[in-house]
Each structure stands twice: as structure tokens, then as C-alpha cells.
Amino acid sequence: MAMHEAVLLRRRGAEQRNLKAYVASGGLAALAKARAIGPEETVRILTDSGLVGRGGAAFPAGRKWESVRTAKDPIRYVVLNTDESEPGTFKDRVMIESDPFMVLEGLLIACYAVSATGAYIYVRGEYGRVADLLQQSLRELQQAGHLEGIEPQGRPLRVEIRRGGGAYICGEETALFRSIEGYRGEPMAKPPFPTVAGLFRKPTVVNNVETIANVPDIIAFGAKALRSRGTERSPGTKLFSVSGHVARPDTYEVPFGTPLSELLQMAGGEADLQAVLMGGAAGTFVFPKDFDLALSYEGVAERHTTLGSGAVIAFNRQTNLWQVAERLGRFFAHESCGQCVPCRVGTRRQHEMLATLAAGRGQGDERGLLLRLSQVMTDASICGLGQTAATAVRSLMDAESAGLLAH
Amino acid sequence: MAEEFTILIDGRPAPARPGETILTVLRRQEVETPTLCTHQHLTPAKTCRACVVELKGSRPLVASCERKVEPGMEVRTDSERVQNARRGVFELLLSQNDVSTAPGLVSQAEALGADPDRYRGQRYDRGFFDDNKLYVRDFDKCILCYRCVEACGPDVQNTFALTVAGRGFTAGISAGFDETLVESACVFCGNCVEVCPTGALMDRREHSMREQGRWDESRQDIVQTTCGYCGVGCQLDMHVDRERNEIVKVTSPDQHPITLGFLCVKGRYGYSFVEAEDEPAGAAKQV
């Protein structure tokens, strides 16, 4: 088994986690370089690197930054989405706890590159320690004067930390904006996209923690630094949260293109795994015949699955996957904001049918109805929650037809 | 005036103007489109998803009530995917709601061939609230279209008494912390009742007459007048029960230039004086 060099997580377990130690190990060089080369060049390097968003949608980060950088409105925001709530996903927490300054440096570079007038960090409600750590690290950066000279009008940059209230939906970017604005966290229609009308209807860059953590190295060492790892179409490394029936559940950093089987081996996956759930609750079940798939955007697309949030949840053959599906169904029904009919009623009906199936009390027509319902939810829901609430269930039904389930 | 352009609807070109929604164009072309939450005087809530259409270049279907037209758009309303989604929306609503006072919902569901028994499961059971003299709330009929919230809020009344509380299947309309309407910020303008598409909100008079089997719109005449309470000049339509010669409801035409169908508490509910007996001068002192 190959050992992979930690890049994003290279300071994990470091004895000292203060600004001084960060600077001593090369930190803040990227911010200094960005200031020297200017916003346009900074965004160009990011675009050239091919970095795509790590929150699940894989949108090119450079394109997002460029549209906000060139926006007409002088008021712009950068939002760091730290509302990590996808079941089985904990890599952003590990990223920040390992290296809060690298994340914040990335955020400051983003603010500088798009001439942001303010920044927000939206932290999952349950992540108290993460919020404290970010606050403490921000204070150190501020006291050392690093928040100066970023805001276009010459004021010190204001970075506000906001805590979520425990709603999965607030990780959806437009619901997240509503939450910061003080409203109920309900997704809005897109378009307009956040880069045009985001937070407070102003042009906004919203990035995932892992995306932002990639920025300092790209700026400091150039676009090819990212491209030196991973694959042609998925450059860089990826954090995976591996949990479930593995001996060493943890966050693992591997280059894109690493086979899933190798990741499972690193985590000490049981020899007789029945399946893994890739990408979290909104992802799909993957079975041993596909464990050789390459963990890259093109690799998962080839096998009709997703990297999603980077969650990999392993299940052994003792697990009844219909019971897992029931749990996922309950999750979506609980987390639906209730705004639109397909999701509000659909997730409820889906959960009811899954509960019947998991209890072995199916009346025969549940599978057909689930399939029919999944199409309605996928097609007609407002946001990604309803649109993906049936993805895992559908993959489970496919697997059942193919005779892959142990129960 | 910006340039008119053309979009394609089911393969046929249709004229469209900047700023219009797809739904506006569909209606002008007389393309039958089911709607529940959208209302001509309210911001599109895009929550019911009954009006979804297929838009070339968009993975999910889009709500035609909300999406603005753009040159070159290609819209499909006749695909199986669109029909299936629309039918699904109505089937889901029929699996949860009491639709006994929502004929518009039922007829649209029938037109789509929706099966009311498609989905089994828990129905709404959220109670009936009769906590004030002017209107009642029956939340088993609420489809959460957000019209009342918008009418109570920035679209009409700016009172902000109504909001959505809770999440998922348990989300519902609340007057803040489950207060009664009398305790809440409600000013009883009744504009929420006016826009409610399912009868979940209903004038108390109409509700009690329905309970008694006395509500029959074919036996009502509309008598037009101008509200005399202030100088604004709102037109009132007095719905008069022909046989009993009594006013049973007051509305305003939705195209009236002053009201757009919206009224205040006095215009909508302050009509009982019309039927009060005149008392002779000094009569109270005699006897």
C-alpha cells in the first residue's frame, strides 16, 4: 500500500498551532505573494490550477472568483461554508482543527482577490470548538495586522463568524445566505447565482473549507503545484471522511485517482464489506465489484456515483442496507425545510415507505412507488436536498435488482 | 421599452418581453399550466412546483411562475417528465391535505390525471383554530403556498404577523410562537383569507354557513359600493344572500386600481351596521 504525502493536512498533529508557528513553517507567504501580484493575477493562477469546489458540486473555483472580481457592484462578500452537515462527513472539521491558519489564509486571499468588503464564516452549530479555534486564530491574524490592506476602501477587513442552528439545509448556499441575513434558512431559486446576487443580494464567493484550504499552496507555488498530484482532469488531493465498518475511521488525504479499494485498505476496511455509501446521504451505494473505481471526478462519473462531500461510509455484510436507507430517509424528511411540495411531502412519503420495507412489512408496490416518487422529487424540488433525497435509495434498488444485497 | 424577442414553447415560437416570467408567456399562448402558489399580485413563491416546465440547459425542471424569460429559451410543457412531475405534486398534496374547500386544486389534479390514492401515509392533522370573531384557520387544508405570508408581509399589508415555522412535514403557518391571532400582530385585514387558495383561511361567517349547509354562491348577488369608512375609495363587492337579504361576505375586485382586491379590517369585516335597525330618536329612553 502506497503512503501518500499529506499536503492539506501536513500540519496535522503539529505541536504548536499558533500564528508564529504557522509563519515559521512557510505560512502567509501566499498572502504576501497575492498582494504583490494583484487580484487579477491571483485569480488567473487559481483558474489555471484547475481547482474545483470540494463541497460537492465541483464548480471551477477560479471562474467563481473571476465573476465576483469583475462584478460592477462595489460591495462584495466572501463566505466560507463551514456548515459541514452531510452525514458521515467530518473532513472540514479535521482540516480546520489541523490547520486553522491555512484555511484563514486562503480566505484572506479570496477576499483580496475579489476586493471583498466583508467576509463571513458560517460554522455548523454543533462545531463549537471549530468556531472557537477560528475566532482565536482570526484574533491573532488581526493583532498582527494581517487583516489590513485587503478591504478595497482601506478599512481593516471584517470577518464575522456565524453559528448555524442545527439545520442541514443551511449548508445549501442560498439558504446559508438567508440564515446569515437573519431569515429562515430556505433555499432561493437560482439564477441569480451567488456570484451575481448572493449574500444580501450582493456578488458573493461562497467556498467550501477544503476548497479554500487549497488556495495558499496554489498561490505560493503556482498552478502546477496542484497539478503535480492527482489526474489531468482532477488535479490535487482530496480529503475523505471514512467511517463505518473500518478499523481506523478517520479523515484521509489521497491524490485524486487513488482507487477506492486502496482508501478502504488504508482505513482498515473489513475484508467482507457489503458496500460503501459514497458522498454521504445524497450519494450512492457502491458495491465491491466497483471498489476498483478511481477516486476522481471522471472516475466516479464513469461508475455513476459521486464524490459528493467526500464521505465514505462502509457497511459489512451483517448490515441490512434497507435499514440504512430508512435512516437516510428519516434524515431527509427531518432536514427538509418544508418550502416546496415535492420535498416536504415527498421526503415524508419516502421515509414512510422505507420504514415499511426496512421492517419487512412491504406490500409489494413500494419499490415502484419509490421510483416514481424519486423522479418527482429529483425533477421538481427547488434545491439539491429534494433533488438528491432519493439518489441513495435508487442506487439501492438497482443493487437489489442485480442481486448485490446481503439481506 | 426593451425589445421583444422569441422563445420556443413546445417547439413553437412565442413572443416574449424582457422581465416577463415563462408563465406569463405560457398564459398568453393559452398553454394550460396548473398553478397553486402563484398569485397575480404577489411575489412568486415558487413553492408548489405545479407549474414546472422543462428548460433546455437546466437539469432540474424550473418553476415557470418565477423564471424570467431570456432570448433563445427553449421550454417544453408537453413532455412526460413535466406531466409526471406536475401530477406527482398534486398526488402528494392529495395524500396529505383536506381538499374539501379547494375545488381549484381538485379540478387541476383531475385534469392531470392525478390519482388521489397513489401515496398512502400520514395526513395532516394540525387542528382547526377558531380563536377570533372574523376568520378561522383550518391547517389540515393548508398546502403551505406562502401566499398568506406574502400578503401579510411586504407584498401587501406589511404587518408581518404570519410566518412559516417548523421544518419538513411539520412546517406550517404560524402567527409567531403559536399565538392566537388576537394575541399576535394580526390586524384582521383578511387579505390572507382573500389570497388563500384552499379555504384553509376562511371568513368565520362563510365557515359557519358552510357548516350549516347554507353557503351557496349561486344564491348570492354582488352589490357594488364604495367603502365609506375613509377617503381612499375602495370598491366593495357586497355578497348578498338573495333569500335572506343579508350580506354574507365582502370582497373587492382583484383588478380594481386602488385595492387590487385587498382591503382593511373595516372594509372587509365592518359591514353589520348596514343591517342594523334604525332606532327612533330617544327610543332608548322610553319603555
Side-chain angles (χ1 to χ4, degrees), chain A residues 57 165-170 175 183-192 330-356 363 365-366 368-389, chain B residues 21 36-37 44-55 58-63 65-68 70 79-97 115 118-124 143-146 149 163-174:
Chain A
Y168 171 68
I169 192 59
C170 289
Y183 296 100
R184 207 179 135 75
E186 287 179 345
M188 294 181 284
K190 289 187 271 190
R330 175 149 39 113
F331 172 79
F332 282 116
H334 181 65
E335 296 296 349
S336 164
C337 77
Q339 191 183 191
C340 69
V341 174
C343 180
R344 177 179 75 241
V345 197
T347 55
R348 178 72 180 213
R349 295 290 171 258
Q350 174 174 266
H351 177 235
E352 288 165 345
M353 285 188 264
L354 289 170
T356 309
Q363 293 173 21
D365 61 344
E366 282 83 2
L369 264 184
L370 277 171
L371 199 62
R372 189 184 180 105
L373 175 59
S374 77
Q375 200 57 50
V376 176
M377 288 197 285
T378 306
D379 279 342
S381 296
I382 292 178
C383 81
L385 194 156
Q387 288 163 13
T388 59
Chain B
T21 62
L36 293 168
C37 70
K46 41 88 179 150
T47 60
C48 77
R49 318 307 281 174
C51 70
V52 287
V53 296
E54 220 174 309
L55 176 63
S58 168
R59 192 176 41 83
L61 303 177
V62 304
C65 68
E66 188 265 344
R67 189 60 170 267
K68 300 270 200 295
E70 288 164 39
S79 67
E80 185 47 37
R81 204 173 149 220
V82 169
Q83 296 302 311
N84 177 58
R86 290 177 176 179
R87 204 179 301 124
V89 163
F90 282 88
E91 287 171 345
L92 287 169
L93 287 174
L94 292 169
S95 79
Q96 87 175 356
N97 284 103
D115 175 359
R118 175 92 58 201
Y119 298 104
R120 300 175 294 269
Q122 194 188 336
R123 300 184 71 84
Y124 268 179
I143 59 167
L144 215 69
C145 69
Y146 285 60
V149 176
T163 186
V164 174
R167 63 204 289 175
F169 195 75
T170 61
I173 304 296
S174 165

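We name chains A, B, ... by the order of the sequence lines, and we start the count at 1 in each one.
Remark: side-chain polar atoms of Arg330(A) are not paired, donor with acceptor, to backbone N or O of Ala355(A) under 3.5 angstrom.
With a 4.5 angstrom heavy-atom cutoff, Ala189(A) touches chain B via backbone and side-chain atoms both. Only the side chain of Arg67(B) comes within contact range of chain A, judged by heavy atoms closer than 4.5 Å. Using a 4.5 Å cut-off between heavy atoms, Gln339(A) touches chain B through backbone and side chain atoms alike. Heavy atoms closer than 4.5 Å to chain A are found nowhere in Phe90(B), neither backbone nor side chain. With a 4.5 Å cut-off on non-hydrogen atoms, Gln350(A) does not touch chain B at all. Proximity to chain B (any heavy atom under 4.5 Å) is restricted, for Pro187(A), to the backbone atoms N, CA, C and O. Neither the backbone nor the side chain of Thr356(A) comes within contact range of chain B; no heavy atoms are under 4.5 Å apart. Contacts of Leu373(A) with chain B are made by both backbone and side-chain atoms, with heavy-atom separations under 4.5 Å.
For the set Glu91(B), Arg81(B), Arg49(B), the entry with the most heavy-atom pairs within less than 4.5 Å of chain A is Arg49(B). Heavy-atom pairs under 4.5 Å with chain B were tallied for Val376(A), Ile169(A), Asp379(A), Asp365(A); the largest tally goes to Asp379(A). For chain B, the option among Met377(A), Met353(A), Arg184(A), Glu186(A) with the highest count of heavy-atom pairs below 4.5 Å is Arg184(A). Heavy-atom pairs under 4.5 Å with chain A were tallied for Val89(B), Val164(B), Val52(B); the largest tally goes to Val164(B). Contact tally against chain A (heavy-atom pairs below 4.5 Å) for Glu66(B), Arg118(B), Gln96(B): the top residue is Arg118(B). Ranked by non-hydrogen atom pairs under 4.5 Å with chain A, the options Ser95(B), Ala171(B), Ala165(B), Cys145(B) are led by Ser95(B).
Summarising the geometry of Gly338(A) relative to Leu144(B), their closest heavy-atom pair is O-CD2, 3.1 Å, with the distance given to 0.1 Å.
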Any chance you could lay out the side chain to side chain donor-acceptor pair (under 3.5 Å) test for Ser336(A) and Arg167(B), step after step, and finish with the verdict? CA-CA 6 Å; Ser336(A) 164; Arg167(B) 63 204 289 175; over 6 Å; no
Worked check of side chain to side chain donor-acceptor pair (under 3.5 Å) between Ser79(B) and Glu54(B): CA-CA 8 Å; Ser79(B) 67; Glu54(B) 220 174 309; 2.5 Å; yes
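The cationic group of Arg348(A) lies under 6.0 Å from the six-membered ring centre of Phe169(B) and within 45° of the ring axis, placing it in a cation-pi geometry.
To the nearest 0.5 Å, atom OH of residue Tyr146(B) and atom CD1 of residue Ile173(B) are 7.0 Å apart. Atom CG in Leu370(A) sits 11.0 Å away from atom CD in Glu352(A) (nearest 0.5 Å). Here the OG1 atom belonging to Thr347(A) is positioned 11.0 Å from the CZ atom belonging to Phe331(A), to the nearest 0.5 angstrom.
A 4.5 Å side-chain heavy-atom check between Val341(A) and Thr47(B) finds every atom pair outside the cut-off.
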